[in-house]
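To start, the structure under review is shown below, and the notes come after it.
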Amino acid sequence: MGNKGLLLQRNHKSMSAIRLAESRLPTTFGEFTMITYESGKRDMPHIVLHNLTEKRDVTDIRIHSECMTGDVFGSLRCDCGEQLHHSMEHIAKHGGVLIYLRQEGRGIGLVNKLKAYNLQDEGMDTVMANVVLGFHPDERSYDEAVAILNDLGISSVRVLTNNPEKLDALTQAGIEVAGRLGIEVKAGSENAGYLHTKKVSFGHLLGLDPKSE
């Protein structure tokens, strides 16, 4: 694993997840138990939705970073809302855990995300827009997701994702990644460039229609 990987693993194991409250949550996709976890942001806890009724050898999970524009308002600029709803439907049907991290705009926050949108409308891609605003292309961390999985007693997962960075973060933290389930969203006129950047610049495992690239 190497010294860096060992250090990451120790850091992940030393982080603890603080539960705040939990309750039953019936939804249009099915019934879940909702658990809120301390995030360090007032009134913005990390959220877990699960329907685990028994301990599993391998648990299907989705680590989803908050996207208010896509998740709540149905923005066509990204594929986030569709990925979230697909994951909820899958977990409601097959069992598993959704971890909703408060990392809006790849970690730059909603206000800066809207500023990045304006730069994208001027011709920049998502990477360059973030850099021009003074941020890294992706400011996110998955340490707290690992801490939540540890709190839930989950050590082997099958991940609903296209993002190899999430798989690497889990593996380096000592979580066994037993498999991956891709979430392919059809590219449209508003999000084709966004999806192309995900594939080319971030290495997301997407099989895009060549016409959208």
Side-chain angles (χ1 to χ4, degrees), residues 1-9 11-12 58 60-67 69-71 75-87 90 96-109 112-113 116-117 119-120 123-146 149 156-213:
M1 180 181 293
N3 292 335
K4 183 178 179 182
L6 290 171
L7 179 61
L8 283 169
Q9 191 174 45
N11 288 343
H12 282 301
V58 179
D60 288 355
I61 70 165
R62 165 71 181 171
I63 300 174
H64 190 93
S65 296
E66 177 183 27
C67 175
T69 49
D71 300 341
S75 170
L76 298 177
R77 285 181 177 264
C78 63
D79 58 344
C80 303
E82 290 174 270
Q83 289 194 77
L84 174 64
H85 297 155
H86 172 88
S87 299
H90 175 91
V97 176
L98 168 73
I99 301 174
Y100 195 86
L101 299 177
R102 308 313 283 263
Q103 300 187 135
E104 180 75 51
R106 295 196 182 122
I108 68 174
N112 285 311
K113 178 180 177 179
Y117 279 172
L119 293 174
Q120 290 164 35
M124 295 185 188
D125 64 16
T126 54
V127 171
M128 183 55 67
N130 278 22
V131 170
V132 167
L133 291 173
F135 300 102
H136 294 294
D138 192 336
E139 294 273 348
R140 292 177 293 180
S141 166
Y142 301 107
D143 292 5
E144 290 171 295
V146 170
L149 289 173
S156 181
V157 297
R158 191 167 61 154
V159 190
L160 285 86
T161 188
N162 303 319
N163 186 352
E165 190 169 313
K166 291 180 182 178
L167 306 179
D168 291 343
L170 293 171
T171 299
Q172 290 178 356
I175 303 291
E176 178 190 8
V177 177
R180 181 186 75 88
L181 296 171
I183 309 176
E184 193 80 17
V185 172
K186 185 177 180 180
S189 60
E190 291 284 356
N191 68 7
Y194 167 85
L195 293 172
H196 178 66
T197 300
K198 270 189 168 184
K199 180 176 180 178
V200 174
S201 298
F202 293 104
H204 284 211
L205 305 170
L206 293 167
L208 298 176
D209 181 342
K211 294 181 180 179
S212 71
E213 300 184 27

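These values consider heavy atoms only, across backbone and side chains, with no hydrogens, waters or symmetry-generated copies.
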Across all chains, not counting sequence neighbours, the ring pair (Phe, Tyr, Trp, His ring centres under 6.0 Å) partners of His85 are Phe29
Do the non-hydrogen side-chain atoms of Val131 and Pro137 ever get within less than 4.5 Å of each other?
yes
Are side-chain heavy atoms of Ile63 and Leu170 found at a separation under 4.5 Å?
yes
By ring pair (Phe, Tyr, Trp, His ring centres under 6.0 Å), His204 pairs with (sequence neighbours left out) none
Next item on the list: Evaluate the side-chain proximity of Gln103 to Tyr142: yes if any heavy-atom separation is below 4.5 Å, no if none is.
Entry: yes
The salt bridge (charged side-chain N to carboxylate O under 4.0 Å, His left out) partners of Asp60 (sequence neighbours excluded) come to Arg158
When every non-hydrogen atom of Lys113 is compared with those of Ile108, the smallest separation belongs to N-CD1, 3.8 Å
All heavy atoms of Ala145 vs all of Ile99, minimum pair found to be O-CD1, 3.8 Å
For Ile183, is there any backbone N or O sitting under 3.5 Å from a side-chain donor or acceptor partner on Asn162? yes
By side chain to side chain donor-acceptor pair (under 3.5 Å), Asp138 pairs with (sequence neighbours left out) Arg140
| task | Indicate yes or no for a side-chain donor-acceptor contact from Asn191 to the backbone of Ala187 under 3.5 Å, with no hydrogens or angles considered. | result | no
message = So Leu84 and Leu98, do their side chains get closer than 4.5 Å, heavy atoms only?
response = yes
Hits for side chain to side chain donor-acceptor pair (under 3.5 Å) against Gln120, two or more places apart or cross-chain, chain-then-number order -> none
Residues passing the ring pair (Phe, Tyr, Trp, His ring centres under 6.0 Å) test with His90, sequence neighbours excluded, are His94
